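Quantities reported herein were computed from a predicted structural model and do not represent experimental measurements. Naming convention: chains lettered A, B, ... in sequence-line order (proteins, then strands); numbering from 1 in each chain.
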Amino acid sequence: MHVGHPEPPLRNHNVSIQPLPRSFFARSPRRVARELLGKVLVRTGDGHTPRLTARIVEVEAYLGEQDPASHAYPGPTSRNAVMFGPAGYAYVYFIYGNHYCLNVSCEREGRAGAVLFRALEPLTGVEEMARARGIAISHPRDLHQRDLVKLTSGPGRLGEAFGVTRARDNGCDLTLPASGLWIGADGYRVRVIRVTPRIGITKAAEKRLRYFISDNPFVSGRKTL
DNA sequence: ATATCGATTATCT
DNA sequence: GATAATCGATATG
C-alpha cells in the first residue's frame with residue numbers, strides 16, 4: 001500500500017442518508033444555501049440503490065425577481081418556471097452551448113428563488129462519474145486528488161458527472177428518492193463556512209451570496225475575497 | 001500562478 | 001443578433 005497519504009481521498013459512505021423535507025427548501029435562498037453545505041446529492045438507479053453520492057461543498061444563492069443576476073429577473077417564462085413553483089424542485093438550465101447546471105427551487109410557490117450547486121466532493125460512484133466526464137481512470141484505488149477534483153468541482157462539471165440534463169431532471173422533486181435525483185443528510189457537521197461574491201456573473205456581481213466549506217479542496221474558483 | 005480565448009446553443013431583445 | 005450562473009486549452013510570468 002501507499003504511504004504518505006495524509007488523508008484518504010474518499011471517505012466511504014455506509015451510513016444512511018435521509019431525504020430533506022420540503023420545509024427545508026421553503027425559506028430564503030440565503031438560508032437554504034448556507035444550510036445545504038455538507039448535505040449529500042444522490043443519484044439513485046431503478047433499484048433505489050444510491051449509485052452516485054457527493055457532498056455539497058459550494059453553492060450560490062439567487063434571490064429572484066429583485067436579483068439582476070437571477071434567471072427569474074425578467075419574470076416568469078417557460079425556462080425559469082420551476083423557480084416560481086414550490087420549493088425543493090430541480091431547476092436545470094443549459095449555458096454556453098455546453099453545460100447543464102443544477103439548482104434547487106426555494107421560497108413559497110409564486111415567489112422565485114434558487115440555489116445553484118457549484119461544487120461537490122465525491123463520496124461513492126467515482127468510476128461512473130469519471131465515465132460520465134470522459135476522464136480515463138486506470139485503477140480506481142490509485143485515484144489522486146487532482147483527478148477527483150476534475151469530476152465535480154464546478155457547476156458544469158458536477159452536472160456532467162451526475163448525468164444532469166434539462167430534459168431528464170428539470171422539475172424533478174429533490175425531496176423524493178423515487179425521483180432518482182435527491183438531496184439528503186447523513187449527519188456530517190460543517191466546521192467553517194466562508195462567504196464571497198458570486199462567480200461568473202456580470203450583473204449584481206458585488207453581492208456576497210457564494211457559500212463554501214472552508215479548506216475543502218473540491219471548492220471551485222477563488223477561495224479568497 | 002493568472003490571463004485570454006474558442007466552443008456551441010437556448011433564450012431573450 | 002447578442003448574450004450567458006462554464007470549461008478546457010493555450011500562453012505567459
Side-chain angles (χ1 to χ4, degrees), chain A residues 25 28-30 32-34 36-37 41 54 56-85 87 89-107 112-122 129-137 144-171 174 181 183 194-212 217-225:
Chain A
F25 300 102
S28 74
R30 294 173 191 271
V32 175
R34 181 179 285 272
L36 225 29
L37 292 176
L41 182 68
I56 299 164
V57 302
E58 179 190 356
V59 293
E60 279 175 357
Y62 285 87
L63 304 184
E65 287 181 280
Q66 278 69 245
D67 178 2
S70 171
H71 292 170
Y73 190 58
T77 67
S78 58
R79 181 204 202 189
N80 65 24
V82 174
M83 280 205 281
F84 287 87
Y89 289 83
Y91 166 53
V92 179
Y93 66 87
F94 186 61
I95 193 69
Y96 294 111
N98 282 309
H99 311 286
Y100 290 99
C101 299
L102 174 67
N103 302 248
V104 59
S105 61
C106 305
E107 303 277 16
V115 172
L116 169 69
F117 294 79
R118 285 201 55 92
L120 309 173
E121 174 174 353
M129 292 185 207
R131 271 199 306 279
R133 293 272 296 115
I135 293 172
I137 286 177
H144 285 280
Q145 185 93 333
R146 68 175 172 277
D147 302 314
L148 287 174
V149 163
K150 291 194 289 188
L151 296 181
T152 53
S153 180
R157 289 170 170 176
L158 73 89
E160 190 172 42
F162 271 67
V164 172
T165 65
R166 184 162 165 94
R168 182 184 187 187
D169 300 303
N170 189 57
L174 296 175
L181 185 67
I183 303 167
R194 303 183 59 200
V195 186
T196 72
R198 293 175 292 188
I199 287 183
I201 58 174
T202 54
K203 296 161 292 188
E206 74 293 344
K207 288 174 175 296
R208 297 175 34 130
L209 293 170
R210 172 177 174 245
Y211 301 81
F212 61 91
F218 294 86
V219 170
S220 74
R222 323 213 151 216
K223 283 149 192 154
T224 58
L225 204 95

Just how far, in rounded Å, is [atom2] of [N] from [atom1] of [X]?
{"X": "A/H99", "N": "B/dT9", "atom1": "NE2", "atom2": "P", "result": "12 Å"}
{"X": "A/Y73", "N": "C/dT3", "atom1": "OH", "atom2": "P", "result": "17 Å"}
{"X": "A/N80", "N": "B/dA10", "atom1": "CG", "atom2": "P", "result": "17 Å"}
{"X": "A/F212", "N": "C/dA5", "atom1": "CZ", "atom2": "P", "result": "20 Å"}
{"X": "A/I201", "N": "C/dT3", "atom1": "CD1", "atom2": "P", "result": "17 Å"}
{"X": "A/Y93", "N": "B/dT8", "atom1": "OH", "atom2": "C1'", "result": "16 Å"}
{"X": "A/K203", "N": "B/dT13", "atom1": "NZ", "atom2": "C1'", "result": "12 Å"}
{"X": "A/Y100", "N": "B/dT11", "atom1": "OH", "atom2": "P", "result": "10 Å"}

For [X], answer base if it contacts any base atom (sugar-phosphate contacts may also be present), sugar-phosphate if it contacts only those atoms, and nothing otherwise; contact means non-hydrogen atoms under 4.0 Å.
{"X": "A/G156", "answer": "sugar-phosphate"}
{"X": "A/L116", "answer": "base"}
{"X": "A/R210", "answer": "nothing"}
{"X": "A/T77", "answer": "sugar-phosphate"}
{"X": "A/R166", "answer": "sugar-phosphate"}

Practice prompt. With the side chain of A/R79 defined as its heavy atoms from C-beta on, choose the nearest nucleotide among C/dT6, B/dA7, B/dT11.
Written response: B/dT11
Item to complete: Report the nucleotide, chosen from C/dC7, C/dA4, B/dT2, that has the shortest atom-to-atom distance to any side-chain atom of A/R157.
Response: C/dC7
Worksheet item: Do the side-chain N or O atoms of A/R133 get closer than 4.0 angstrom to the phosphate oxygens (OP1, OP2) of C/dG8?
Response: yes
Item to complete: Give a yes/no answer on whether the side chain of A/T202 brings an N or O atom under 4.0 Å of OP1 or OP2 in C/dA4.
Response: yes
Fill in: Complementary nucleotide of B/dT9, counting Watson-Crick and G-U pairs under 3.5 Å
C/dA4
Discussion item. With a 3.5 Å limit on both atom pairs, tell me what C/dA11 is paired to, counting Watson-Crick and G-U wobble, or say none.
Written reply: B/dT2
Discussion item. Checking salt bridge (charged side-chain N to carboxylate O under 4.0 Å, His left out) between A/E58 and each of A/R194, A/R157, A/R118, which is the one that passes?
Written reply: A/R118
Worksheet item: So, A/S220 side chain and A/S153 main chain: donor-acceptor pair closer than 3.5 Å or not?
Response: no
Worksheet item: So, A/F94 and B/dA10: ring centres less than 5.5 Å apart, planes less than 30° off, yes or no?
Response: no
Worksheet entry | Side chain proximity check, A/D169 to A/L102, heavy atoms < 4.5 angstrom | no
Item to complete: Compare all side-chain heavy atoms of A/D67 with those of A/R198 and state whether any distance is below 4.5 angstrom.
Response: yes
Practice prompt. Mark yes when over 12 heavy atoms from residues, nucleotides or ligands other than A/F94 sit less than 6.0 Å from its CZ; otherwise mark no.
Written response: yes
